[in-house]
Amino acid sequence: MAYTGRCACGATQLEITAEPVAVRQCWCRQCQQIAAGGPTNNAIFPADAVRIEGALGHSQWRAASGNTLTFHFCPGCGTQVYGQSSARLHLKTVRLGMIDEPHGLRPEMIIWTDEAPAWACLDPQLEQWPQMPPAPPPPPAP
Amino acid sequence: MAEGGHAGRCLCGAVTYALAAEPLGARMCWCRDCQYIASGSATVNVLFPEAAFRCAGDIGTLRMTADSGNTVERGFCRQCGSQIYSRTTEPAGTQPIRIRAGTLDNPGLRAPDAYIWTDSAPAWAPFDPALPRYRRGPGSARKE
């Protein structure tokens, strides 16, 4: 198994059997709302490699792209577990705080820097996009 | 909203709050417990007198022993999980309430003045070199 994880209260458990497609940090306003003021840090995995135990709550927002972003969280502690775009159901975007350390994953790209507060500290070494990044490659043909 | 105060809400709007005071300070916390609820970031916390905080809506709470040894209560929206606040319940009345900056209507209201619990920050964590980094709680040894 590649990765394991849990939420802050332990009611939600996570197992991941693949390496991430990408790891990136998002400063969009909605992410700041669900991430206690900072950016979300997201490891994007093939959806079928992510197994979750425990009841999840979910909510949604409409992204600037027009896609619906559904995000799932532990109802016992509010920890965000993963998000998913209606345009990319083959991927699950797992919140980095959920994954047990040491995992060696780190953000490689920062997106939606236009919406970061003036005090935000962004790693200048990382690729940055003012809003959405380019679309990820399509899933492999079956 | 009270005149001169501040307001905020969770992402979905099921929880709203008002703060009838100005911030006492702000800081980012890299304790591991905060990284869980901050999607792998530090929480960004704006400090207010607890008596100035009024909250309405479907709020869930979780009590836990923080790395400091204090008992803290974390409040979050039960409909979307957005973290709203952390307050110290034991010892009570000793600490300002910590409002999660992402839920303030103006998340830029108060720039953080310090980092705390940097000993548990991930290797990739970016730090503003102008701000003090406390290895543990506020006032603990600094990392230079």
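Residue numbering restarts at 1 for every chain, and letters A, B, ... go by the order of the sequence lines.
- Highest contact tally toward chain A, considering only B:P122, B:C12, B:G40, B:C34, is held by B:G40 [criterion: heavy-atom pairs under 4.5 Å].
- Interface remark: B:I99 contributes no atoms to any contact with chain A (heavy atom separation under 4.5 Å).
- A:T79 OG1 to B:R74 CZ: the interatomic distance, rounded to the nearest 0.5 Å, is 7.0 Å.
- In this structure, A:Q32 CD and B:S41 OG are separated by 10.0 Å, a value rounded to the nearest 0.5 Å.
- No other option in B:A101, B:A38, B:G108 has as many heavy-atom pairs under 4.5 Å with chain A as B:A38.
- Ranked by heavy-atom pairs under 4.5 Å with chain B, the list A:A8, A:S59, A:P124 is led by A:A8.
- A single hydrophobic cluster is seen to contain both B:L109 and B:L19, as judged by linkage of ILVMFWY side chains at heavy-atom distances under 4.5 Å, directly or through other members.
- Interface remark: B:Y85 contributes no atoms to any contact with chain A (heavy atom separation under 4.5 Å).
- For A:I99, the part lying near chain B is the backbone, with the side chain staying farther off; criterion is any non-hydrogen pair under 4.5 Å.
- Note: B:M64 CE to A:C9 SG = 10.0 Å, rounded to the nearest 0.5 Å.
- Among the residues in residues 106-119 of chain A, those with a non-hydrogen atom closer than 4.5 angstrom to a non-hydrogen atom of chain B are A:R106, A:P107, A:P117, A:W119.
- In the displayed structure, B:R136 atom CZ is contacted under 6.0 Å by at most 12 heavy atoms of other residues, nucleotides or ligands.
- The environment of CZ in B:R9 is crowded: more than 12 heavy-atom neighbours from other residues, nucleotides or ligands sit within 6.0 Å.
- Contacts between A:Q25 and chain B at a heavy-atom distance below 4.5 Å involve the side chain alone, from C-beta outward.
- For the pair B:R32 (side chain) and A:G97 (backbone), a donor-acceptor distance under 3.5 Å is present.
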- Task: Apply side chain to side chain contact (heavy atoms under 4.5 Å, CB included) to the pair A:W61 and B:L11, showing each step before the final yes or no.
- Result: CA-CA 9 Å; A:W61 80 77; B:L11 186 151; 3.5 Å; yes
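- Distance check, rounded to the nearest 0.5 Å: SG of B:C10 to CD1 of A:I34 gives 11.5 Å.
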- Quick one: do B:S82 and A:F73 satisfy side chain to side chain contact (heavy atoms under 4.5 Å, CB included)? Show the steps, please. CA-CA 9 Å; B:S82 296; A:F73 57 91; over 6 Å; no
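- Using a 4.5 Å cut-off between heavy atoms, B:Y36 contacts chain A through both its backbone and its side chain.
- In terms of modelled atom types and a separation under 3.5 Å, the side chain of B:Q83 and the main chain of A:C77 share a donor-acceptor contact.
- Residue A:H72 does not touch chain B at all, counting heavy-atom pairs closer than 4.5 Å.
- Side-chain atoms of A:R29 come within 3.5 Å of backbone atoms of B:G102 as a donor-acceptor pair (strictly under, hydrogens ignored).
- The distance from atom CD of A:Q33 to atom SG of B:C77, rounded to the nearest 0.5 Å, is 10.5 Å.
- The residue among B:G60, B:A26, B:P112, B:A42 with the most heavy atom pairs within less than 4.5 Å of chain A is B:P112.
- Under the 4.5 Å side-chain heavy-atom criterion for Ile, Leu, Val, Met, Phe, Trp and Tyr, A:F71 and A:I44 are members of distinct hydrophobic clusters.
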- Task: Let me see the working for B:W124 and A:N41 under side chain to side chain contact (heavy atoms under 4.5 Å, CB included), right down to the final yes or no.
- Result: CA-CA 11 Å; B:W124 54 262; A:N41 298 281; 3.5 Å; yes
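- Contacts with chain B were tallied for A:G5, A:G37, A:A36, A:G38; A:A36 has the most, counting heavy-atom pairs under 4.5 Å.
- In this structure, A:L89 is not a member of the same hydrophobic cluster as A:Y82, with clusters built from ILVMFWY side-chain heavy atoms closer than 4.5 Å.
- Linking Ile, Leu, Val, Met, Phe, Trp and Tyr residues whenever their side-chain heavy atoms come within less than 4.5 Å places B:Y134 and B:W117 in a single cluster.
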- Item | B:Q35/A:E101 under side chain to side chain contact (heavy atoms under 4.5 Å, CB included): CA gap, chis, key distance, verdict | CA-CA 11 Å; B:Q35 295 177 51; A:E101 292 169 323; 3.9 Å; yes
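- Between the side chains of B:S39 and A:N42, no donor N or O sits under 3.5 Å from an acceptor N or O.
- Contact count against chain A (heavy-atom pairs under 4.5 Å) is highest for B:C80 among B:C80, B:A111, B:G8, B:G75.
- Heavy-atom distances place both the backbone and the side chain of A:P39 under 4.5 Å from chain B.
- Here the closest non-hydrogen pair linking B:F127 and A:C121 is C-SG, 3.4 Å.
- Interface residue A:L105: only backbone heavy atoms are found under 4.5 Å from chain B.
- In this structure, B:L104 is a member of the same hydrophobic cluster as B:F53, with clusters built from ILVMFWY side-chain heavy atoms closer than 4.5 Å.
- For the atom pair CD1 (B:I37) and SG (A:C7), the distance works out to 11.5 Å, reported to the nearest 0.5 Å.
- Residue with the most contacts toward chain A among B:Q79, B:R78, B:M28: B:Q79 (heavy-atom pairs, distance under 4.5 Å).
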